[in-house]
Structures are given as C-alpha cells and as structure tokens.
Chemist: 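Okay, handing you the structure first.
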Amino acid sequence: MADLHPEAERKGPVKITQRKSAIGGSPAQRRTMRTLGLNKIGKSVTHNDSPSLRGMIRTVEHLIEVREENPK
C-alpha cells in the first residue's frame with residue numbers, strides 16, 4: 001500500500017558530506033553520523049532519499065552539507 005503523504009514520497013539520491021566533527025556532540029548525533037557512513041571531515045556518501053534519511057539529516061544538519069543528486 002502506498003503512503004499518500006507527499007513528503008513520504010521517495011526521491012532520487014542525496015549526497016551528504018561531513019563538514020564538522022562530531023566530537024562534543026551528543027551520543028545520538030555520533031551514532032547518526034556513523035549510521036550515515038560518515039567518520040571523517042570531507043567524506044561524502046550517497047543515499048537514496050527517504051523519510052528516515054531526512055530524519056537523520058535533521059539530527060546532524062549542523063555537521064553536514066546535503067545536495068540533491070541527479071538520478072542516473
């Protein structure tokens with residue numbers, strides 16, 4: 001069954017780059033950074049957009065840079 005909420009609609013890939021250190025952040029923020037696959041400043045990862053990914057991004061938005069990627 002499809003979710004009818006417009007924000008729950010999955011979009012294309014999202015590129016996430018770590019810009020600041022997670023040192024000094026809360027344990028939840030450090031766990032989120034590890035879950036996203038970020039462990040060094042300057043490292044970039046690409047994930048498919050989803051509501052759960054957007055929640056993780058919101059948790060650590062002050063430590064990362066997010067860009068929408070063009071689907072290939």
Side-chain angles (χ1 to χ4, degrees):
M1 178 177 254
D3 192 348
L4 299 178
H5 194 277
E7 288 184 2
E9 191 176 308
R10 292 199 165 117
K11 298 178 179 89
V14 176
K15 184 174 184 179
I16 305 167
T17 305
Q18 183 173 349
R19 291 295 172 208
K20 291 186 178 180
S21 174
I23 294 173
S26 70
Q29 290 172 347
R30 291 195 302 270
R31 269 194 317 270
T32 300
M33 294 292 280
R34 275 198 310 269
T35 301
L36 288 171
L38 299 171
N39 56 7
K40 292 184 180 180
I41 295 173
K43 183 172 181 179
S44 296
V45 293
T46 303
H47 291 287
N48 287 327
D49 197 6
S50 68
S52 61
L53 179 69
R54 289 292 170 173
M56 287 190 277
I57 289 171
R58 194 170 24 255
T59 302
V60 293
E61 65 188 346
H62 59 289
L63 302 175
I64 60 175
E65 176 182 304
V66 181
R67 290 189 316 182
E68 303 286 329
E69 291 284 304
N70 293 328
K72 295 178 181 173

Chemist: Rounded to the nearest 0.5 Å, what separation is found between the CZ atom of Arg67 and the OG1 atom of Thr46?
Modeler: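 That separation rounds to 9.0 Å.
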Chemist: Quick one: salt bridge (charged side-chain N to carboxylate O under 4.0 Å, His left out) pairs with a partner in residues 20-29, sequence neighbours left out?
Modeler: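 Output for this query is empty, none listed.
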Chemist: Does any pair with a residue in residues 23-47 pass salt bridge (charged side-chain N to carboxylate O under 4.0 Å, His left out), and if so which ones, sequence neighbours excluded?
Modeler: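 Residue pairs with at least one partner in residues 23-47: there are none.
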Chemist: Please go through Leu36's hydrophobic cluster and name the other residues, only I, L, V, M, F, W, Y counting, with side-chain heavy atoms under 4.5 Å joining them.
Modeler: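 Listed partners: Val14, Ile16, Met33, Leu38, Val45, Leu53, Met56, Ile57, Val60, Leu63, Ile64, Val66.
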Chemist: Can you sort out the partners of Ser26 under side-chain contact (heavy atoms from CB on, under 4.5 Å), two or more places apart, ordered by chain and number?
Modeler: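 With sequence neighbours excluded, Ser26 shows a side-chain contact (heavy atoms from CB on, under 4.5 Å) to Ala28, Gln29, given in chain and number order.
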Chemist: List for me each residue that meets side chain to side chain donor-acceptor pair (under 3.5 Å) alongside Ser44, sequence neighbours excluded, and say none if there are none.
Modeler: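 For Ser44 the side chain to side chain donor-acceptor pair (under 3.5 Å) partners, ignoring immediate neighbours, are Thr17.
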Chemist: Can you list every side-chain hydrogen bond (donor to acceptor under 3.5 Å, both in side chains) pair that touches residues 55-66, not counting sequence neighbours?
Modeler: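 As it turns out, the side-chain hydrogen bond (donor to acceptor under 3.5 Å, both in side chains) pairs with a partner in residues 55-66, which skip direct neighbours, are Arg19-Glu65.
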